[in-house]
Amino acid sequence: MARVVVDVMLKPEILDPQGQAVQRALPRLGFQGISDVRQGKRFELEVDGPVDDAALARIHELAETFLANTVIEDFVVKVEEPAVEAK
Amino acid sequence: MARVVVDVMLKPEILDPQGQAVQRALPRLGFQGISDVRQGKRFELEVDGPVDDAALARIHELAETFLANTVIEDFVVKVEEPAVEAK
Amino acid sequence: MTARIGVVTFPGTLDDRDTQRAVRVAGAEAVPLWHRDKDLKQVDAVVLPGGFSYGDYLRAGAISRFSPVMESVIEQAKAGMPVLGICNGFQVLTETHLLPGAMLRNNHLHFICRDQKLRVETNSTAWTADYEAGQEISIPLKNIDGRYVADERTLDLLEAEGRVAFRYLDVNPNGSLRDIAGITNEAGNVVGLMPHPEHAVEPLVGTGRTDGLGFFTSILKNLVGAR
Amino acid sequence: MTLDTVKHAEQTPEAGQPWADLGLKPDEYERIREILGRRPTGAELAMYSVMWSEHCSYKSSKVHLKQFGEKVPENDAMLVGIGENAGVVDVGQGYAVTFKVESHNHPSYIEPYQGAATGVGGIVRDILAMGARPVAVVDPLRFGAADHPDTKRVLPGVVAGIGGYGNCLGLPNIGGEVVFDPCYQGNPLVNAGCIGVMKHEDIHLAKASGTGNKVILYGARTGGDGIGGVSVLASETFESTGPAKRPAVQVGDPFQEKLLIECTLEIFREKLVAGIQDLGGAGLSCATSELASAGSGGMRVDLDTVPLRDSSLSPEEILMSESQERMCAVVEPDKVDRFMEICEKWDVIATVIGEVTEGERLEIFWHGEQIVDVPPRTVAHEGPVYHRPYERPSWQDALQADDANKLARPADATELKEQILKLVASPNQASKAWITDQYDRFVQGNTILAQPEDAGMVRVDEESNLGVAMATDGNGRYAKLDPYAGAQLALAESYRNVAASGAKPLAISNCLNFGSPEDPDVMWQFAEATRGLADGCLQLGTPVTGGNVSLYNQTGETAIHPTPVVAVLGVIDDVTRRTPIAFKEEGQLLYLLGETRAEFGGSAWSQVVHDHLGGLPPKVDLERERLLAEILISASRDGMIDAAHDLSDGGLVQAVVESCLRGNTGARLVVPDGLDAFTFLLSESAGRAVVSVPRSEELRFTDMCGARGLPVTRIGVVDGTAVEVQGQFTLSLDELRAAHAETIPGLFA
Ligand SMILES: Nc1ncnc2c1ncn2[C@@H]1O[C@H](COP(=O)(O)OP(=O)(O)O)[C@@H](O)[C@H]1O
Ligand SMILES: [Mg+2]
């Protein structure tokens, strides 16, 4: 079993009020030096079989038709490394 | 300028109604072989200065106190490689 | 015989019974349609009502769009059957691309419930014939994903073709581009809007106005007249 | 780890058990051993500990709540009383209404969004379990100081959670309260109420009967969330960590709940259930033991058949899990197939997990091995009962002696005007529209009145225009000064609000929010408040149909103000006769009903201007309240008044300002003879309302009041674009609107 991640972000030209709300709150929290924040979605898919090219192509199609609305969003499909990121 | 990404996901033991709804829809769309879907948030932060340990520590704190609610969510902080992922 | 108006229920649809009531108040017959059935039961028109179909999970309207009933609705809409999408129904229509653009989280990030003033920009759609072009009406608005967006080219095209059907007046409640509250397709049979005409058909309830009744009398006239 | 079966427990009588970590006291553990004649298994211990927690067993409050069942007024509207998921009253024309208020205080402090959201979900399931379609929700809320940084975290989250859940369910939010006071700083109160409507014959009860009937669990899968939430969150203070190695917070799925509602209503329509219970606090432990305890016969459950979200859960955890959006039904065997079909139609997972058995035991098995064998009554209904010591606090006399009438009054009209403007803009008196606009009040198409009206009102029958109304109230400041009177004032205010809308008050529910019962001061407050409420209900003829108790709302030694919240349900035969608060028609006459005395103890004025709390709360006169209500109801029915607004915190001026802003008209007021302007405008004497009377009705109206002995004073006229108090000051509507509207968004937007 492997994990495939689909990151979906609003296109750069689309207003992202959630990201803005975070950014506006930063100074209040004492954070300086972050010039932009965008908020998007992350999907973690557990894939049963091997993640070969065919599987990736299918997931790409899934992202394009379903997980993202390409009128407003961009997406990236990644195979997650088995090693866990350090927190 | 560098990009730091914070991924926030519901803890594994917490109900994820969104991910569940997506997963349940998959068979109807003709997608098989995905045994689990979790949906989380992805924050992209544009950091002005260098992303050194101090900056990362601050972003880690930001994630812990603000971007994630650690009662129900886990998070991961990553420095994004300058090279853009292929779509 | 009066017109048969189908009202679709998806899992999580909320305003289906209210829409059926509005259809009846206007004098038409309301026909419940179930999301799993492809059969449209020979209705003359379809309303996709408001609510949170599939919890609005993923994106509002994104999951319902793939239901069996929508296959038929899309097909019939393309063939000219009148379809009205209210709120969540509008979101479904944009997800199916029967209407252009997309709906996003309100710019203030909150759910908002208010009595909203609109201008009916065109009465040459199946659902607005009973209004004057330029008429101002007030009907309830209630949503969290009500911000209409589309690229500049699409917006210009909509304006040029007179397809902006409703515009917010006084306040833009959610950051919708060009104050757009609702749009129509080129043929004028498919209309979507965020505010809720079905909640403004009886003087007693809600805001006490009946400004929304015109949607349902328009379609009735349109259909019965066409027979 | 080996499975702790009943057999194993018999063989290992001396095995150590973590009863103390689970919140049980030594004598409670002993009692369990006595009941069972052996040590409990781990699963039994989990069940007893959670069911005997304060939250589920009412062990500290029971002895006082008894009064609600003893001092019952003559009232033939009661169909189902205290003891079921919610009480049911007859509202005529064959309709019955069920309603209840519950607290979700502690979870909402930890995770405001989910805590509040699941609070709404829980109360809605209670109403559903009675057989009713939920038709409206209300949300009485209390927060710390409005300008405290933590309130900025808690309030927006709570409001978003209530909206996020309720809006997605399609339930109009028609009322509630938002109150700020520093005493709620670490202990916000998130109470949620729901109203449901059914026909008399549709009433369902939570009991399991009929040997061989199947026990069906349906709704969401069971996960590890909220385990120990009941005992850890609701019973002890936050410092104690207890057994919660799993997260104690539940995440709600309103979409799933919406499906559960529609699915359950369809199941009711086809009369497929013999008994039904929602799963709330204590999850399956509660549902199985309560169903078995209330019915005849026993119950057998195969716990390994429960559909799980997390396969690593132990049987104990499955029993305690508080995963949301689940229900448990008892179904005759030949109806099971149809039951399953309906669940499938609504995409709801349903599983037969057991059956009703002969005998009187609740037996639970795990892969064929018995892990629970208990008499269900001992779990569900025969928990410990405490007679906690209570005593009038040593500081109570000094508090009452600190008379608010001694506070400096405004020196002149200019200062009076300034203070009134400050009052209108203060967080407690300011418009809550920024909050309530986040709630859908129109859905279902039956909303007659909603915020900011005195009471929420929904139409029940489209043909006859039968409707019901509800208001919730509770003034913690009054209750702190005198808990007996404070509880009665909460009742009186809520009753008055319902009457002001034109509906006849029928019955009440309550949510009693207090500090630690282990503190004799708090226990005295609780005893006094329940006594006051029970006496008040007896006098007003409005029985208590049910309610909820939330204790341990305190941080360290400091308890919240005693806060009994009372929800009054009323009925109106014809909703077209409802009375709104808005002054609309220029030239209509304004009358003040009731008597005004110099009563400022616990008043909004004393808080806003002097930051003071002392003296006595306003005097309670329930006979007067009843008379006032009768007059308001007849006047609305006979078309003698066009608007009515009850007077409460902030006094007359607050009410007039609200009615003017709502109707977008001004008012000219004259200070009546025998009163000074300050007392006239700001006193909080109870039993009063202001009404707007068409000139043609003036004589008929004043004659009616005169004949029935209700003091009535003409105080002015609806007119212009300002609130003008002759000889004192003028405040323009624009000025007032700005003061009233901008405070809350200024703090939280
Ligand atoms: N303050 C109260 N006044 C009257 N009845 C109460 C009060 N608190 C609890 N009850 C009643 O006790 C019973 C059990 O309450 P509770 O455990 O809250 O119900 P549930 O199991 O549905 O959560 C209910 O009938 C409830 O109405
Ligand atoms: Mg219950």
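From a predicted model like this one, the values you see are computed outputs, not experimental measurements. Every chain is numbered from 1 and lettered A, B, ... according to where its sequence line falls, protein lines coming before strand lines.
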Checklist entry - With chain A, which of B:L62, B:V4, B:V37 has the greatest number of heavy-atom pairs at distances under 4.5 Å? => result B:L62

Checklist entry - Which one of B:Q39, B:Q32, B:Q23 has the most heavy-atom pairs closer than 4.5 Å to chain A? => result B:Q39

Checklist entry - When you look at CG of A:D53, are more than 12 heavy atoms from neighbouring residues, nucleotides or ligands closer to it than 6.0 Å? => result no

Checklist entry - How far does CZ of B:F43 sit from CZ of B:F75, to the nearest 0.5 angstrom? => result 11.5 Å

Checklist outcome for this item: Of the listed A:L29, A:D7, A:V47, the one with the largest count of heavy-atom pairs under 4.5 Å with chain B is A:D7

Checklist entry - Quick one: are A:K41 and A:E73 in side-chain contact, heavy atoms under 4.5 Å? => result yes

Checklist outcome for this item: Turns out that what part of B:A55 lies under 4.5 Å from chain A's heavy atoms comes down to neither

Checklist entry - Does a side-chain N-to-carboxylate-O contact under 4.0 Å join B:R42 and B:E44? => result yes

